[in-house]
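Nothing here was measured: the structure is a model prediction, and the numbers come from that model. Here is how names work: the chains are called A, B, and so on, in the same order as the sequence lines, proteins then strands, and each is numbered from 1.
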Amino acid sequence: MNLSEQEIIRRNSLQELIKLGIDPYPAGIFEVSASAAEIHEKFPKDNTLYQDVAIAGRIMNRRIMGAASFAEIQDDSGKIQLYLKRDDICPGEDKTMYNTVFKKLLDIGDIIWVKGYVFITKMGEITVHVKQFSLLSKALRPLPVVKEKDGEVYDAFTDPEQRYRQRYLDMIVNPQVKEIFVKRTKMIDSMREFLNAKGYLEVETPILQPLYGGAAAKPFKTHHNTLDMTLYLRIANELYLKRLIVGGYDGVYEFSKDFRNEGMSRFHNPEFTQMELYVAYKDYEWMMELVEEMTEKIALDVHGTTKVEVGDHVIDFKRPWKRYTMFEIIEHFTGIDISGMTENELRLTAKKLDVEVDETMGKGKIIDEIFGETCEARLIQPVFITDYPVEMSPLARKHRSLDGLAERFEAICNGKEICNAFTELNDPLDQRKRFEAQLELGRRGDQESMILDEDFLRALEFGMPPAAGLGIGIDRLAMVMTNSQSIQDVLFFPQMRPQQKEAVSTDEDFKERGIPSAWLQWIRTLGYNTLEALDKSNPNKLANDLNGLRKKNKLDVPALNSEVVKSWQFPQ
RNA sequence: GAUUCCGUAGCUCAGCUGGUAGAGCAACGGCCUUUUAAGCCGUGGGCCCUGGGUUCGAAUCCCAGCGGGAUCACCA
């Protein structure tokens with residue numbers, strides 16, 4: 001392992017601490033009597049508080065001025081300044097704890113526990129005057145240093161790759177990141193609370209499924225050894241939840257991680273979360289009201305208001321939301337009434353609107369395409385779009401009065417779908433026909449067509465009550481509720497391509513070649529991390545370079561000649 | 001998958017009309033007892049993403065690859 005200068009210094013500090021009898025990673029219960037945020041909030045109102053306070057956190061900043069120092073520590077709630085005075089920390093003759101431990105051996109990033117009293121500095125900063133401190137955890141890697149003045153951030157840690165790969169670092173250094181995830185959890189809590197209050201049952205259904213269904217998507221495939229069978233990671237849980245409705249529950253819901261083997265973008269991660277809900281004896285009209293009510297509550301619970309800032313817009317989730325049929329909204333934005341058009345007429349209309357369509361698309365797909373191109377992105381305030389073409393909705397009930405449409409709606413806001421719902425199709429014979437139509441699409445090469453689930457059909461044949469179903473994209477909704485531009489910002493650990501590990505030979509491999517351990521570190525420093533790299537090297541150059549390092553670092557080992565280096569290469 | 005931009009010190013970035021690297025912060029050594037992205041003096045730190053090519057000479061130009069961002073396509 002090649003360590004940077006700063007990492008070596010920190011590892012040395014660690015050894016020094018141990019020599020001083022300080023355990024750099026102590027175990028125990030470290031009592032804390034306040035948080036940074038709490039002190040900031042309450043102390044200005046009552047300055048008799050916190051006169052004997054203990055807090056713990058990570059050192060984020062240090063300013064050492066001889067016998068006194070300021071530091072900032074960060075706990076879960078935020079940052080607070082510390083003031084350390086040598087003679088307070090070390091009242092006796094021995095000034096080691098301040099001069100050596102605090103000033104030399106602690107670093108930004110270390111986690112400490114302090115005890116003292118709160119006061120306000122001349123500059124007006126609420127500060128803990130530290131009487132006593134102890135190290136709780138030594139950091140061996142330097143933290144990116146982000147500085148802030150008057151609300152302006154300098155040298156922000158912004159590289160998306162590092163932020164997502166090392167989310168822990170992102171959270172330490174960019175505290176607003178933690179806030180996003182707190183909001184996400186509040187949002188989910190709010191939904192759960194709402195659904196439980198209605199008496200619906202939260203359930204769990206299989207993630208590993210022998211048949212994938214409930215949506216049109218490519219699955220991830222895996223294999224179970226004992227059963228020697230292919231299993232799929234679920235793309236949706238719809239068909240299982242409906243089985244539970246058949247089984248007699250009147251309301252079931254599940255927050256489910258679903259998996260789709262498709263492209264990635266700022267709106268798509270291969271694993272994502274949906275909340276699906278099914279309620280017996282209801283229809284899609286009823287479900288729209290539930291969605292409005294629930295989303296309004298979420299906004300209130302997360303933000304304390306129904307108005308949420310998203311990008312350049314303020315989105316108001318206050319009920320009731322506008323409702324348009326798909327035909328109405330298309331007419332609204334294009335001035336063209338496409339209801340009643342034949343497939344050919346639709347094709348011509350699409351062309352006129354500059355919407356790309358191809359020969360394989362049927363009527364429903366063309367309508368959906370026109371909607372997607374001309375309407376969706378322009379719908380900023382929450383709105384329900386209803387009555388989708390039936391061909392696009394193989395699990396939704398046919399519209400009770402309009403031919404060719406399904407009783408389906410999507411809620412759209414900020415130009416993106418946030419939920420999809422319908423009056424569920426409970427006619428087993430119609431469902432079978434729809435599946436068969438999907439199979440036909442599959443035979444024509446549609447890789448995302450649904451497959452026929454005989455057991456699900458069997459369940460329907462036993463009779464499913466009329467029901468309304470809903471799927472909400474939790475990540476999408478979280479993006480809106482947290483004003484995030486990318487799905488990666490609302491997932492702790494978004495999917496990334498793995499970093500390639502550098503091939504590295506072990507120390508033992510090198511020692512077997514007869515390389516003294518004193519030289520090993522320096523060979524690695526020069527970039528020879530594998531035996532192969534060593535074998536390929538020019539022994540004269542390597543000996544030269546190593547002797548250079550020997551001189552520069554005043555190493556206590558004899559100088560090398562290239563014959564010795566040659567003897568390390570190629571095993572006899 | 002396509003197009004396009006990016007990859008230089010621990011972090012943020014400059015250098016890119018080719019001459020083997022700079023700044024600020026961080027680190028290290030000093031000075032400084034309430035400072036405010038503290039300040040001052042000094043020091044060290046770099047496989048300039050990887051591999052090829054062009055060239056006397058490449059961080060810089062060309063090609064390929066790896067990783068990331070953005071846009072588009074599929075989709076939630």
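- Atom-to-atom, CE of A:Met264 to C1' of B:G1 comes out at 14 Å; the value is rounded to the nearest Å.
- Within a 6.0 Å sphere centred on CD of A:Glu204, other residues, nucleotides and ligands contribute 12 heavy atoms or fewer.
- Within 4.0 Å (heavy atoms only), A:Ile418 reaches no atom of the nucleic acid at all.
- Here A:Gly66 lies in heavy-atom contact (under 4.0 Å) with a base.
- When both distances must be under 3.5 Å, the Watson-Crick or G-U wobble mate of B:G57 does not exist.
- The side chain of A:Tyr83 sits closest to B:U33 out of B:U33, B:U36, B:G30.
- In this structure, B:C72 forms a base pair with B:G1, meeting either the Watson-Crick or the G-U wobble geometry with both donor-acceptor distances under 3.5 Å.
- In summary, the side chains of A:Tyr83 and A:Gln81 do not present any donor paired with an acceptor at a separation below 3.5 Å, with no hydrogens or angles considered.
- Whole-Å rounding puts the A:Ile8 CD1 to B:G45 C1' distance at 10 Å.
- If you find the closest nucleotide of RNA chain B to A:Ala67 and to A:Ser13, the one lying nearer the 5' end belongs to A:Ser13.
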- Spell out protein contact along nucleotides 6-12 of chain B as letters: B when the base is contacted, S when just the sugar-phosphate is, - when no protein heavy atom is under 4.0 Å; keep the 5' to 3' order. ----BSS
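- The nucleotide B:C28 finds its pairing partner in B:G42, both defining distances of the Watson-Crick or G-U wobble pair being shorter than 3.5 Å.
- Listed nucleotides B:C28, B:C74, B:A73 differ in distance to A:Glu373; the shortest reach to its side chain belongs to B:A73.
- Relative to the six-membered ring of A:Tyr212, A:Arg260 misses at least one condition, a distance below 6.0 Å or an angle of at most 45° to the axis.
- Atom CD in A:Gln495 sits about 12 Å away from atom P in B:G69, given to the nearest Å.
- Taking atom P on both nucleotides, B:U8 is separated from B:U54 by 27 Å, rounded to a whole Å.
- Contact check, A:Arg497 against B:C66: no side-chain N or O comes under 4.0 Å of OP1 or OP2.
- Distances shown here put every side-chain N or O of A:Lys218 at or beyond 4.0 Å from the OP1 or OP2 atom of B:G1.
- In this structure, the nucleotide among B:U71, B:A27, B:U34 sitting nearest to the side chain of A:Arg266 is B:U71.
- Contact annotation for A:Lys95: no contact, since no heavy-atom pair falls under 4.0 Å across all strands.
- A:Asn269 comes within contact range of at least one nucleobase, with a heavy-atom separation under 4.0 Å.
- B:A21 and B:A59: their C1' atoms are spaced 8 Å apart (whole Å).
- Here A:Gln488 lies in heavy-atom contact (under 4.0 Å) with sugar-phosphate atoms only.
- Across B:G44 and B:U36, the matching C1' atoms stand 28 Å from one another, rounded to whole Å.
- With sequence neighbours left out, the salt bridge (Lys or Arg N to Asp or Glu O under 4.0 Å) criterion links A:Glu407 to A:Arg400.
- Comparing the P positions of B:C72 and B:G57 gives an interatomic distance of 45 Å, to the nearest angstrom.
- Base pairing of B:A23 is made with B:U12, judged by Watson-Crick or G-U wobble geometry with both donor-acceptor distances under 3.5 Å.
- You'll find that the side chain of A:Pro160 is closest to B:G68, out of B:G68, B:C32, B:U33.
- Here A:Arg163 pairs with A:Asp489 in a salt bridge; the nearest charged N to carboxylate O distance falls below 4.0 Å.
- At whole-Å resolution of the value, CD in A:Glu72 and P in B:A26 are 13 Å apart.
- Annotation: salt bridge (Lys or Arg N to Asp or Glu O under 4.0 Å) contacts of A:Glu410 (sequence neighbours excluded): A:Arg408.
- Screening residues 79-91 of chain A for salt bridge (Lys or Arg N to Asp or Glu O under 4.0 Å) gives A:Asp87-A:Lys95 as the qualifying pairs, with residues at least two apart or on separate chains.
- For the pair A:Glu7 and A:Arg10, the salt-bridge criterion is not met [side-chain N within less than 4.0 Å of a carboxylate O].
- As rounded to whole Å, 10 Å separates atom P of B:C74 from atom CG of A:Asp368.
- For residues 361-378 of chain A, no residue pair satisfies the side chain to side chain donor-acceptor pair (under 3.5 Å) rule, not counting sequence neighbours.
- With both ends at atom C1', the span from B:G10 to B:A26 equals 7 Å, rounded to whole Å.
- Across the protein-nucleic acid pair, A:Arg62 atom CZ and B:U36 atom P stand 18 Å apart, rounded to whole Å.
- Nucleotides B:C49 and B:G19 have their C1' atoms positioned 24 Å apart, rounded to a whole Å.
- Nearest to the side chain of A:Asp107, among B:G67, B:U33, B:C28, sits B:C28.
- In this entry the distance linking CD of A:Glu262 with P of B:G1 reads 14 Å, nearest Å.
- With a 3.5 Å ceiling on both atom-pair distances, the Watson-Crick or G-U wobble partner of B:G51 is B:C63.
- Residue side chain A:Thr121 reaches the base of B:U36 through a donor-acceptor N/O pair under 3.5 Å, judged by distance alone.
- Across all strands shown, A:Lys104 has heavy atoms under 4.0 Å from sugar-phosphate atoms exclusively, and none from any base.
- B:C66 sits 7 Å from B:U50 when the C1' atoms are compared, rounded to a whole Å.
- Looking at A:Lys242, its side chain never comes within 3.5 Å of a backbone N or O of A:Tyr278 through a donor-acceptor pair.
- Sorted by first and then second residue, the pairs that involve residues 362-391 of chain A and meet ring-ring contact (aromatic ring centres under 6.0 Å, His included), not counting sequence neighbours, are A:Trp321-A:Phe384, A:Phe384-A:Phe409.
- Within the shown strands, nothing qualifies as a pairing partner of B:U34 under the Watson-Crick or G-U definition with both distances less than 3.5 Å.
- Of the P atoms belonging to B:C40 and B:C25, the separation is 8 Å, rounded to the nearest Å.
- In the set B:A26, B:U36, B:G69, the nucleotide with an atom closest to the side chain of A:Tyr164 is B:G69.
- Between the P atom of B:G29 and the CG atom of A:Asn12 lies a distance of 11 Å, rounded to the nearest Å.
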